[in-house]
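One structure is given below, encoded as structure tokens.
Every number for a ligand or one of its atoms is a count from 1 in the order of the listing. Throughout, residue positions are numbered sequentially from 1 according to the sequence presented.
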Amino acid sequence: MIQLKQNINPEQEIIDKLKIYQDEIDGLATFELRSEKAKKIFSTRNKIGNTVFDAVKLKLTEMCSGARRCVYCEDSVADEVEHIHPKDLYPNLCFQWDNYIYACGNCNGPKNNKFAIFKKYDGSFHIVNPPRGTNATEPPEGNDALINPRIENPLDFCMLDLSSTFKFVVISKAGTNDAIKANYTFNEVLRLNEREFLRKARETAYTNYKSRLGYYTSQKLGGEPQKKLDKLIDNLKQEAHPTVWKEMQRYHSKKILKNIDKDLDDLFIKSPEALNW
Ligand SMILES: [Zn+2]
């Protein structure tokens, strides 16, 4: 799960059209009616050929890492407009640009309408999605308990274990809301550790990034022209699982990389510019 690129927005005309769609929901009298309406009209509007959603998807694509990779798993192609705040629970955010991200079907399907908050009045953790097959009820007020990659950096909550497991480890202090939020997001909702093919793909990505950095460093030290080196940098940035690369940089900066992979640590010493890629 990776933080999305910031400050990317559709034209005002598209935002205005989304607002017109939203008004159709907001004008209804009860939460139940708004929730039903949101589900119904989102699926009819979110189609290829709808100019508003065609434009939304182009902008969401710009925000993705690599070759339009899913924000959650960083592995598969992002092809579904996902609501961070589920539309049946938060129908008031159904056509809100800031509430959209691009995800893959493998992540979006199981995530469905899962959401949790820390209740406003007592701060307790509270799952707001209804049991399967039942209708949503209006969630109480509170702060989000699901990490929002639009505005938060998932790597402030977790660290990827590059030494052996390639699983995410919660680094927020045990018992704090941040730790609960990290566990809920990474493990319960997105199952980023449980899905073995993702763990394996992160392990492979580590080897790929390392090889690319090694090749770049040898070419640079061999005096190859900058234009050729720039191409190698671009290619590295297109790899899937950019979190793995971010963690390689963080491990070096925290001086822990040398204990687990001396060769890689040496590559960062020879090519410190790679810490900014
Ligand atoms: Zn995914």
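We find that Lys181 and Glu152 are joined by a salt bridge, their nearest charged nitrogen and carboxylate oxygen being less than 4.0 Å apart. With respect to Glu188 and Lys114, no salt bridge is recorded, no charged nitrogen being found less than 4.0 Å from a carboxylate O. The residues Glu247 and Arg250 are annotated as salt-bridged, a charged nitrogen and a carboxylate oxygen being separated by less than 4.0 angstrom.
Taking the six-membered ring where tryptophan is involved, the planes of His83 and Tyr100 are perpendicular, since the angle between them exceeds 60° and thus also 30°.
Around the Zn ion (ligand 1), the protein contributes the following N, O or S atoms at distances under 2.8 Å: Cys70 SG, Cys73 SG, Cys104 SG, Cys107 SG.
A distance-only check finds no donor-acceptor pair linking the side chain of Glu74 to the backbone of Ser65 [under 3.5 Å].
For the atom pair CG of Asp16 and CD of Glu11, the computed distance is 11.0 Å after rounding to the nearest 0.5 Å.
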